[in-house]
Amino acid sequence: MHEYLPSEIESKWQKHWEESGQFRPDLNSDQQKFYMLTMLPYPSGDLHIGHWYAMAPSDAYARFMKMQGHEVFFPIGFDAFGLPAENAAIKNNIHPKEWTYKNIERMRGQLRSMGNMFAWEHEIVSCDPEYYKWSQWFFLKMLEQGLAYREHAPVDFCNHCQTTLAREQVWGEERLCERCNNPVVKKALNQWKLRITKYAEELLDFSGLEWPEKVRLMQTNWIGRSEGVEFALKIQGQEQLEFRVFTTRPDTVFGMSFCVLAPEHPLVGQVTTPEQRAAVEAYQDAASRKNEIERTSEGKEKDGVFTGAYALNPMNGEPVPIWIADYVLFTYGTGAIMAVPAHDERDFAFARKYDLPTPAVIAPAEAEEGAPGELTEPFTLKEGSRMINSPGFENLVWPESFESVTDHMAREGFGERQVNYRLRDWLISRQRMWGTPIPVVYCSSCGMQPVPFEQLPVTLPDDAEFKPTGESPLKHHQGFLSTECPQCQGEAERETDTMDTFICSSWYYYAYLFPYWARGEALGSGSLPWDMERMQRWAPVDQYTGGIEHATMHLLYFRFYTKVLADMGLLPFREPATRLFNQGMILGEDHEKMSKSRGNVVNPDDLVQKYGTDTVRTYLMFLGPWDAGAPWNPQGIEGATRFLKSVWSLAHQPHPSGEREDSIRKVQRALHQTIRKVGEDLSQFRFNTAIAALMSFRNTLKAEADHLPESLWEECVRALLLMLAPMAPHLAEELWQLKVPGTGSVHNQTWPEFNTDLAQEDRITLVVQVNGKLRDRLEMPVGLPQEEVEQLARNSERVAPYLENRSVRRVIVVPEKLVNIVVG
RNA sequence: GCCACGGUGGCGAAAUUGGUAUACGCAAUGGACUUAAAAUCCAUCGUCAUGACAUGACAUGCGGGUUCAAGUCCCGCCCGUGGCACCA
């Protein structure tokens, strides 16, 4: 027997699999289809252990499904646009395209070393014009249908660098630009948005999806549906002016003692009195430098400034002061609120700080008539709370109080019911070069004009010059900028904003199915961009896997795009993926996120070189539950490599001789229990316990080796190899060829079946407790009648002392498990 | 701050539905093999108490509660992780 040399057999089998094409999917196969998708990587330059953690278990699952008789499609690609390429361009004076494609080339090689069954022929790269042409095509369709529109929206902007900054480029509490250390401000730019809010209601519906509860919860909260009322308030003395507020608590409207506009609210400039103007403008300026988390944190003290103006409560005509405060966000609701300090925590804190009145208008059910005295904290709605100090609505109780006030507002014509969402439309404009160009032009006479479909793609220039400030080179590139108006053929300028890279990852899984199409070769003259028959057969995705960090943003955009394309008649379904599984993060040894600056990055290439791919794969799956993630533990990997070595020697071990009835029964039981356990575990992504079960089986097999007939021994070794194949594909293949040559690849075999009768235990260990404390364990055959079990427990010698001089009050018998004797 | 998730031996972790807490593995310790080392194999291994066996008590972040029975359910804390809309 020769030694287990992973590097030798791994490269041998990778080469063999590629040449034989055995993992190339047949999209026309008669077998049941299975579309397995893992989130596509960003080509940062080096394959990280985190990529392995995401992809090796996904591959094991794909292989498992293949052995279960499915035709598995498991594609891969690269999400290739984005900020890091531009940073590299500025730093190293290299075009982002060159940097990106170099990285992709390197990562392809590293990905291949994982031995995954990726469908490489279906690869897509999002920065290929053949790919982004279709991102542009979908954008133009959305523009036609009013789903894409332009609006002013604030961005973090550095005046010194003349560029927009991503959140990660804004440093510290001071909010300074990462490049020049100057303060960052909010600046409103005219930008493109997609109307995702139109789909808010449908996105709340997860029926038919097997997605983790936590992701559904996070998305539901992110969308943030709330039912309430929107009503108008007029400005005292300027009755032609009004603003609207949204509230979920119209029953408290009589308790409004002030109202608050977001600092960005357009009305602020019009209503502010001359005396207050300086203070208001200073406050607006300060607010423009904060981000939303800072503005709305409850830990921070709320502050604001009085505008000098008063609004009229439409219910009773009472004037209330108008303030501005940055805890009111312009992006949520109407950007203005009525403040009812007596019944809202934030309003209460604000009123206390500025000595504003806190009239109570809701009282607890049991309270006496009239207003309670001085409030020390806001009183929030409780069961039976009733309205007080609200002429015409006295003593109404929720939800009648809500209905009654709302009906009144609607009748009087100043308010109506409104469903509000926290979800905002998707801002897709990026003032950057390395992204999909937004295919519109601006003509001085015809205005904004879409680029005609037949002129797509609008491509990025290869000779862009990057400024150290980070400003988009497209703004200065004449070759790109100047074009012809499709309407009047006059001079026009191209849009220089590019699309958010989340656009690329919102539809890539459909492109995978049409690799030649994606290269621009298969598009017919028909009105559909793809072949509906194939789409119908292969989509949607059966199993999607990826990091939990994508729970709200990508996974919401992903669903949104499918709904939009379905409404365009391009897809015959409305959800992109039936099942979702999110793996956790792999952390550094120090339990911190891996990063170069912390110096805690684990390099998978080194590990592969030392231990081999199969060991790295097995260890990553054995570390812990896949959805939990784990810190890297450099010592444990020895265990994985030892396990694989022991399987190697087991398979090479000469046939044992000798038969013992109890050993045969024991091993048979272990075999069938293991097949059952591993199958159940793998189908639920519980790789760690599946591997533990395989290890236990290996232990049993080794211990009983000398007492088994050859046929059973061989059956066990074959089953072990089959079950190990998804995790350690190369080792399993090598040993399969050794044990059962001529049967083809281990990966084309059928998953072993278990026999329930053979897996059945014939003896159990019964636990005997007295008052819930363990006192004895009794071995007995299964299926004894309950009375007999109880009698055996009572008669136990170890139990007896605890029953002396006590009366038995109750005996609880859990069949085949436990007897608990309760004594007094 | 808000939303979501998690906290179990020296370490990674296991524990179908509330029913034997610590499976599987790592590290450690002792032993076998070896001239020696590596590798491999065997044994021990939650903490405390009586020298070991045995037995008992205590242990699943902290404090309460429900229950015959709580790692698991409920209430209140503490700590950690992910996301918070221009990183992807």
Side-chain angles (χ1 to χ4, degrees), chain A residues 3 39-42 44 79 81-84 87 155-156 164-170 191 212-222 224 291-300 327 331 422-432 500-502 504-505 547-554 556-557 582 584-585 587 591-593 619 622-625 627-640 642-643 645-646 649 680 686 688-689 691-696 699 702 765-774 776-777 798 809-812 814 817-823:
Chain A
E3 208 186 327
M39 289 179 189
L40 84 178
Y42 176 78
S44 53
D79 189 13
F81 277 132
L83 198 53
N87 289 337
V155 295
D156 284 326
T164 307
L165 298 173
R167 202 169 95 180
E168 62 166 16
Q169 297 176 301
V170 180
Q191 304 190 85
E213 174 67 18
K214 67 168 168 177
V215 174
R216 300 201 311 250
L217 259 173
M218 277 191 269
Q219 292 203 350
T220 301
N221 293 336
W222 181 264
N291 69 21
E292 277 180 21
I293 295 173
E294 288 169 339
R295 282 174 58 159
T296 55
S297 286
E298 246 161 51
K300 295 218 171 163
Y327 74 92
T331 48
R422 209 183 66 96
L423 181 72
R424 312 205 284 252
D425 275 342
W426 178 9
L427 195 159
I428 61 157
S429 277
R430 298 290 179 270
Q431 290 75 49
R432 306 194 184 282
D500 180 2
T501 55
F502 276 125
C504 308
S505 53
I548 186 63
E549 66 273 21
H550 294 292
T552 40
M553 302 184 67
H554 162 65
L556 212 48
Y557 298 146
N582 297 105
M585 298 244 300
L587 303 173
H591 294 230
E592 300 275 344
K593 204 169 173 172
Y619 180 53
F622 184 63
L623 262 181
D627 54 354
W632 178 255
N633 176 353
Q635 290 176 325
I637 195 165
E638 295 290 344
R642 245 173 248 160
F643 170 55
K645 275 183 195 165
S646 76
S649 52
E680 280 171 6
R686 295 197 303 228
N688 56 330
T689 48
I691 293 169
L694 290 175
M695 286 172 167
S696 294
N699 291 345
K702 264 171 80 165
T765 304
L766 183 89
V767 169
V768 186
Q769 296 179 333
V770 178
N771 284 351
K773 285 199 179 268
L774 179 102
D776 199 6
R777 292 189 171 98
R798 294 196 183 184
R809 288 188 181 166
R810 218 173 134 185
V811 178
I812 286 138
V814 181
K817 273 201 175 132
L818 166 147
V819 173
N820 187 12
I821 303 168
V822 184
V823 297

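The shown structure was predicted, so the numbers you read here are calculated from the model rather than taken from an experiment. Quick note on labels: first sequence line is chain A, next is B, and so on, each numbered from 1.
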Salt bridge (charged side-chain N to carboxylate O under 4.0 Å, His left out) partners for A/D79, two or more places apart: none

Sugar-phosphate only, base, or nothing, as touched by A/T164 at under 4.0 Å among non-hydrogen atoms: base

Touch class at under 4.0 angstrom, heavy-atom based, for A/F502 against every strand present: base

Distance in angstrom units between A/R422 CZ and B/G83 P, rounded: 15 Å

Per-nucleotide protein contact string for nucleotides 3-9 of chain B (B base, S sugar-phosphate only, - none; heavy atom under 4.0 Å): SSS----

Backbone of A/A166 reached by a side-chain donor or acceptor of A/Q169 within 3.5 Å: yes

Rounded distance in Å between the C1' positions of B/U67 and B/C74: 12 Å

Parallel, tilted or perpendicular: rings of A/W426 and A/Y557 (30°, 60°): parallel

Stem regions touching RNA chain B, defined by at least 3 consecutive Watson-Crick or wobble G-U pairs below 3.5 angstrom: B:1-7 with B:78-84, B:10-12 with B:24-26, B:28-32 with B:40-44, B:46-50 with B:54-58, B:61-65 with B:73-77

Non-neighbouring partners of A/R216 that pass salt bridge (charged side-chain N to carboxylate O under 4.0 Å, His left out), sequence neighbours left out: A/E213

Reading 5' to 3' through nucleotides 17-23 of chain B, protein heavy-atom contacts under 4.0 Å coded B for base, S for sugar-phosphate only, - for none: --BB--B

Under 3.5 Å: donor-acceptor pair, side chain of A/Q219, backbone of A/A551: yes

Touch class at under 4.0 angstrom, heavy-atom based, for A/E680 against every strand present: nothing

C1' spacing across the pair B/G7 / B/U22, given as an integer number of angstrom: 16 Å

Touch class at under 4.0 angstrom, heavy-atom based, for A/P625 against every strand present: sugar-phosphate

Main-chain N/O of A/V823 paired to A/N771 side chain as donor or acceptor, under 3.5 Å: yes

Minimum-distance nucleotide to A/R810 side chain [options: B/C84, B/A27, B/C68]: B/C68

Aromatic ring pairing A/H554/A/F502, orientation class (parallel under 30°, perpendicular over 60°, tilted between): parallel

Upstream residue (5' side of RNA chain B) when A/G639 and A/P41 are each assigned their closest nucleotide: A/G639

Minimum side-chain heavy-atom gap A/V811-A/N820 below 4.5 Å: no

Sugar-phosphate only, base, or nothing, as touched by A/R798 at under 4.0 Å among non-hydrogen atoms: sugar-phosphate

C1' atoms of B/G10 and B/U34, separation to the nearest Å: 31 Å

Gap between atoms CG and C1', on A/L623 and B/G25 respectively (whole Å): 11 Å

Short side-chain N/O contact to B/G83 OP1/OP2 from A/T552, under 4.0 Å: no

Whole-Å P distance, B/U72 and B/A39: 41 Å

Side chain of A/Q635 (C-beta onward), nearest among B/C58, B/G25, B/C26: B/C26

Sugar-phosphate, base or nothing in reach of A/H550, heavy atoms under 4.0 Å: base

Sugar-phosphate only, base, or nothing, as touched by A/Q191 at under 4.0 Å among non-hydrogen atoms: base

Interatomic distance at P, B/G25 relative to B/U40, whole Å: 13 Å

Touch class at under 4.0 angstrom, heavy-atom based, for A/L694 against every strand present: nothing

Proximity to the side chain of A/P84 - top-ranked nucleotide from B/C87, B/C86, B/G25: B/C87

Gap between atoms CG and P, on A/L587 and B/G12 respectively (whole Å): 12 Å

Spacing of the C1' atoms in B/A70 and B/U17 (rounded, Å): 14 Å

Nucleotides 37-44 of chain B: protein proximity per nucleotide (B base, S sugar-phosphate only, - neither; heavy atom, under 4.0 Å): ---SS---

Touch class at under 4.0 angstrom, heavy-atom based, for A/N699 against every strand present: sugar-phosphate

B/C75 versus B/A4 - spacing of their P atoms, nearest Å: 13 Å

Rounded P spacing from B/A43 to B/C48 in Å: 25 Å

Selected nucleotide, minimal atom distance to A/E549 side chain, candidates B/A13, B/G82, B/C86: B/G82

